[in-house]
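Down below is the structure, laid out as structure tokens.
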Amino acid sequence: QVQLVESGGGLVQAGGSLRLSCATSGRIFSINAMGWYRQAPGKQRELVATITSGGSTNYADSVKGRFTISRDNGKNTVYVQMNSLKPEDTAVYYCNVVEAYGGIYINYWGQGVQVAVSS
């Protein structure tokens with residue numbers, strides 16, 4: 001059974017840093033992409049950053065230059081280093097893994113981890 005376990009969230013002052021980790025376990029055929037999404041209270045879930053199996057990255061405009069996504073293919077783990085955090089970054093962050101199964105793509109989601117940035 002595929003399971004995503006997130007860690008690294010917490011409380012931090014504005015300007016501080018956090019590093020989130022997401023470890024994937026269970027049987028998976030091929031990971032097409034990994035990423036992080038977030039959802040703030042009263043708002044829709046939005047993309048933060050993604051990284052493909054080939055290493056291509058994509059970032060939301062709001063986090064470019066501050067966040068860095070990376071992966072460890074051997075461990076099927078994805079990270080996001082978050083620097084210069086702002087109160088606007090406060091949200092629940094969700095890990096996402098996209099499995100490629102033939103021509104089908106299957107999404108897996110973590111349970112979410114809280115990130116709170118104080119003013």
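- The OG1 atom of Thr77 lies 10.0 Å from the CG atom of Leu4; values are rounded to the nearest 0.5 Å.
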N/O donor to acceptor pairs below 3.5 angstrom from side-chain atoms of residues 108-119, sequence neighbours left out:
from	atom 1	to	atom 2	distance (Å)
Tyr108	OH	Glu99	OE1	2.7

Name every donor-acceptor pair, under 3.5 Å, that has one atom in a side chain of residues 13-27 and the other anywhere in the protein, sequence neighbours excluded.
from	atom 1	to	atom 2	distance (Å)
Ser17	OG	Asn83	OD1	2.9
Thr24	OG1	Asn76	O	3.2

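- Of all non-hydrogen atoms in Ile69 and Tyr59, the two that sit nearest each other are N-OH, 2.9 Å.
- With hydrophobic clusters built from ILVMFWY side chains whose heavy atoms lie under 4.5 angstrom apart, Trp36 does not share a cluster with Tyr105.
- For Asn73, the side-chain contact (heavy atoms from CB on, under 4.5 Å) partners at least two apart in sequence or on another chain are Arg71.
- Put simply, CZ on Arg45 and OH on Tyr94 are 5.0 Å apart, with the number rounded to the nearest 0.5 Å.
- Side-chain heavy atoms closer than 4.5 Å link hydrophobic residues (I, L, V, M, F, W, Y) into clusters, and following such links, even through other members, never connects Tyr93 to Leu47.
- Taking SG from Cys95 and OH from Tyr79, the interatomic distance works out to 11.0 Å, rounded to the nearest 0.5 Å.
- Atoms CZ and CG, from Phe67 and Leu85 in turn, are 5.0 Å apart once rounded to the nearest 0.5 Å.
- Residues Val63 and Val92 fall into different hydrophobic clusters, defined by Ile, Leu, Val, Met, Phe, Trp and Tyr side chains chained together at heavy-atom separations under 4.5 Å.
- Scanning both residues, Met34 and Val78, for their nearest heavy atoms gives SD-CB, 3.5 Å.
- Contact check on Lys86 versus Asp89 returns no salt bridge, with no Lys/Arg side-chain nitrogen under 4.0 Å from an Asp/Glu carboxylate oxygen.
- Atom OG1 of Thr68 is separated from atom CD1 of Ile51 by 10.0 Å, given to the nearest 0.5 angstrom.
- The shortest heavy-atom contact between Arg38 and Ser62 is NH2-OG, 3.3 Å.
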Handout entry: side chain to side chain contact (heavy atoms under 4.5 Å, CB included) between Val97 and Ile28, intermediate numbers included
Key = CA-CA 10 Å; Val97 172; Ile28 190 164; 3.9 Å; yes

